[in-house]
Amino acid sequence: DECPSLLTPNIVQEIFCLIIQQSNEKIDRTRALACDKLMTLIHHQPFINGIPYHKQLMKIFSHESITGINWSVAQSSFPLTVQLLNFDSYSYHTLLGLVISVGGLTESLVRYSSSSLLSYLREISSSKLKLDSFTEDIIKVFSINPRNSRVIIPLLKTLDLLLSNGVFGMYQIEEEENHWFPASLLEKLKYEIKNSRDPIKIFNSINTLCSLLQFSSVKEATLHQLMILLGHPYPKVRRNTADQLYVTLLTYDDLISDDIIEQVMSLLSETTWDGLVDSVRHQRNTICSLLKLPIPKAKTGTKTKKTQTKDSMNYQDLVDRMGY
């Protein structure tokens, strides 16, 4: 109040964005404190100059709607804070906070943050402009937080939820089948799993890759990436890839032609994918041939004995990381 000139519009917006991010994150006490401070700033008298969309914020968080609310309760807070996705000044930080909650571990937190996000996306599902803005923020989260497991792993879980619920169905219609989002998402996934030694990230990437197969514009490239994972040094990554791809082919029965579907499904289900890597790569190559995909090339200069030794070391590393 004494030095209002210090609060430039840019500083006010940055403060609001950071508080809004925390008001959507997973720790109940932190979320409650952030929401409480956000309400104080929105309804501050005299009004704080430079708050983006101030009138809209006062309408969403009216005195009537927030009276008696317990912000630490996910069921109460997320239906209100998710509406901040509507505003370009706040959408990225809102999504960043939501991603951490949707991809979290606490059952009630995941349930209510997920349902709030899905409800919002169903409301905007017919608006290409709003859906495009949302997908731009998704790619932005990848771009600003590359290989940051605290953000990327929850983001992958969030994407699997959204893709499996058909949120991006608009991009499957003929007019939008070459939309930029599926290809951009695939590139981000490839970057995140390349040379990664984090099995949790890889497992979640596999789920997202399988969900991406429903987009015809990236189906071939996505299948090729899954073929690479079928020959991954980690045995459990190979097994998980085969299992998820098998389930995906059962779910979307039009992904590959009828004349080869039985052969592919048999190879996926009957191969011991957690066996020796050289053996399973032969079976993987057979699947590639059936699908008319290029066979992934192994790194040159690697002898079989060294490959098998490295495979054993990677398996032990996976066991240590997974805790079993």
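No hydrogens, no waters, no symmetry mates; every other heavy atom, side chains included, goes into these values.
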> Can you find a pair of side-chain heavy atoms, one from S216 and one from Q172, that are under 4.5 Å apart?
Replying inline: no
> Is there a donor-acceptor pair under 3.5 Å between the side chain of T271 and the backbone N or O of L268?
Replying inline: no
>> Please tell me whether L290 and L250 are part of a single hydrophobic cluster in this structure, the criterion being side-chain heavy atoms less than 4.5 Å apart.
In response: yes
> Taking a hydrophobic cluster as the set of Ile, Leu, Val, Met, Phe, Trp and Tyr residues connected by side-chain heavy atoms closer than 4.5 Å, whether directly or through intermediates, do L245 and V247 fall within one such cluster?
Replying inline: no
> What do the steps show when you test L121 against F168 for side chain to side chain contact (heavy atoms under 4.5 Å, CB included), and what is the final call?
Replying inline: CA-CA 9 Å; L121 290 169; F168 307 113; 5.8 Å; no
>> For a side-chain hydrogen bond (donor to acceptor under 3.5 Å, both in side chains) check, start with the C-alpha distance between K37 and S23, then their side-chain angles and the critical distance, and finish with the verdict.
In response: CA-CA 9 Å; K37 297 306 177 184; S23 71; over 6 Å; no
>> When you compare the side chain of L291 with that of I260, does any pair of heavy atoms fall below 4.5 Å?
In response: yes
> Rounded to the nearest 0.5 Å, how far apart are CG of L80 and CD1 of I60?
Replying inline: 8.0 Å
>> Can you tell me if I27 has over 12 outside heavy atoms packed within less than 6.0 Å of its CD1?
In response: no
> Near E14 CD, under 6.0 Å, is it more than 12 heavy atoms from other residues, nucleotides or ligands?
Replying inline: no
> With a 4.5 Å limit on heavy-atom distance, are the side chains of F134 and L162 in contact?
Replying inline: yes
> If you look at every heavy atom in K201 and S196, which pair is closest and at what distance?
Replying inline: CD-OG, 4.1 Å
> Is there a chain of hydrophobic side chains (I, L, V, M, F, W, Y, each step under 4.5 Å between heavy atoms) that links L163 to L186?
Replying inline: yes
>> I'd like to check L117 versus T158 (side-chain heavy atoms, cut-off strictly below 4.5 Å). Are they in contact?
In response: yes
>> Are T81 and L38 packed together at the side-chain level, in the sense that at least one heavy-atom pair is separated by less than 4.5 angstrom?
In response: no
> For T241, which of I202, L230, I228 qualifies under side-chain contact (heavy atoms from CB on, under 4.5 Å)?
Replying inline: L230
>> Please tell me whether L84 and L33 are part of a single hydrophobic cluster in this structure, the criterion being side-chain heavy atoms less than 4.5 Å apart.
In response: no
>> Would you compute the distance between atom CD1 of I200 and atom CD1 of I152 and round it to the nearest 0.5 angstrom?
In response: 15.0 Å
> Closest approach of V73 and R31, non-hydrogen atoms and distance?
Replying inline: C-NH2, 4.0 Å
> For S205 and I193, which heavy atoms make the closest approach, and how far apart are they?
Replying inline: OG-CG2, 3.1 Å
>> Has R281 got a side-chain atom pairing as donor or acceptor with G231's backbone, closer than 3.5 angstrom?
In response: yes
> Run the side chain to side chain contact (heavy atoms under 4.5 Å, CB included) check on K157 and V102 step by step: do they pass?
Replying inline: CA-CA 8 Å; K157 293 179 181 179; V102 174; over 6 Å; no
> Which pair of non-hydrogen atoms, one from V280 and one from W273, has the smallest distance, and what is that distance?
Replying inline: O-CZ3, 3.5 Å
>> Give me the atom names and distance for the closest heavy-atom approach of K219 to L255.
In response: NZ-O, 2.9 Å
> In terms of heavy-atom contacts, does NZ of K130 have more than 12 from other residues, nucleotides or ligands at under 6.0 Å?
Replying inline: no
> What about F181 and H179, are their ring centers closer than 6.0 Å?
Replying inline: no
> Is the closest side-chain heavy-atom distance between F203 and D198 below 4.5 Å?
Replying inline: no
> If every non-hydrogen atom of S217 is compared with every non-hydrogen atom of P182, which pair is closest and at what distance?
Replying inline: OG-CB, 4.2 Å
>> Given 3.5 Å as the limit, does a donor-acceptor pair link the side chain of R238 with the main chain of G275, or not?
In response: yes
> Are any of the side-chain heavy atoms of S143 and K188 separated by less than 4.5 Å?
Replying inline: yes
>> Just verifying a value: how many Å separate S211 OG and L185 CG, rounded to the nearest 0.5 Å?
In response: 10.0 Å
>> As an exercise, state the distance from CG of N148 to CD of E192, rounded to the nearest 0.5 Å.
In response: 9.0 Å
> Which residue pairs satisfy the side-chain hydrogen bond (donor to acceptor under 3.5 Å, both in side chains) criterion with at least one member in residues 113-123, sequence neighbours excluded?
Replying inline: N86-Y120
> Does the distance from a Lys or Arg side-chain N to an Asp or Glu carboxylate O, for K140 and D137, drop under 4.0 Å?
Replying inline: no
>> Main chain of M58, side chain of H43: is a donor-acceptor contact present, judged purely on distance under 3.5 Å?
In response: no
Return all side-chain donor-acceptor pairs below 3.5 angstrom for residues 93-101, not counting sequence neighbours, or 'none' if the list is empty.
from, atom 1, to, atom 2, distance (Å)
T94, OG1, Y90, O, 2.8
S101, OG, N24, O, 2.6
S101, OG, E25, O, 3.3
S101, OG, K26, N, 3.3

> Are L109 and Y112 connected in a single hydrophobic cluster, I mean Ile/Leu/Val/Met/Phe/Trp/Tyr linked by side-chain heavy atoms less than 4.5 Å apart?
Replying inline: no
> Applying the side-chain contact (heavy atoms from CB on, under 4.5 Å) test to L213, which of I256, V218, T222, T251 qualifies?
Replying inline: T222
>> Under a 3.5 Å threshold, yes or no: a donor from one side chain and an acceptor from the other, between S257 and D259?
In response: yes
>> For I124 and L129: C-alpha separation, side-chain torsions, deciding distance, then whether side chain to side chain contact (heavy atoms under 4.5 Å, CB included) applies.
In response: CA-CA 9 Å; I124 69 165; L129 182 63; over 6 Å; no
>> Would you compute the distance between atom SG of C210 and atom CG of D160 and round it to the nearest 0.5 angstrom?
In response: 9.0 Å
>> Here's one to test your reading of the geometry: is the NZ or CZ of R147 within 45 degrees of the ring axis of Y191 and under 6.0 Å from its centre?
In response: yes
>> Side chains of K59 and S65 only: does a donor on one sit below 3.5 Å from an acceptor on the other?
In response: no
>> Let me confirm one number: the CG-OH distance from N240 to Y234, rounded to the nearest 0.5 Å.
In response: 14.0 Å
> Quick one: are L131 and Y171 in side-chain contact, heavy atoms under 4.5 Å?
Replying inline: yes
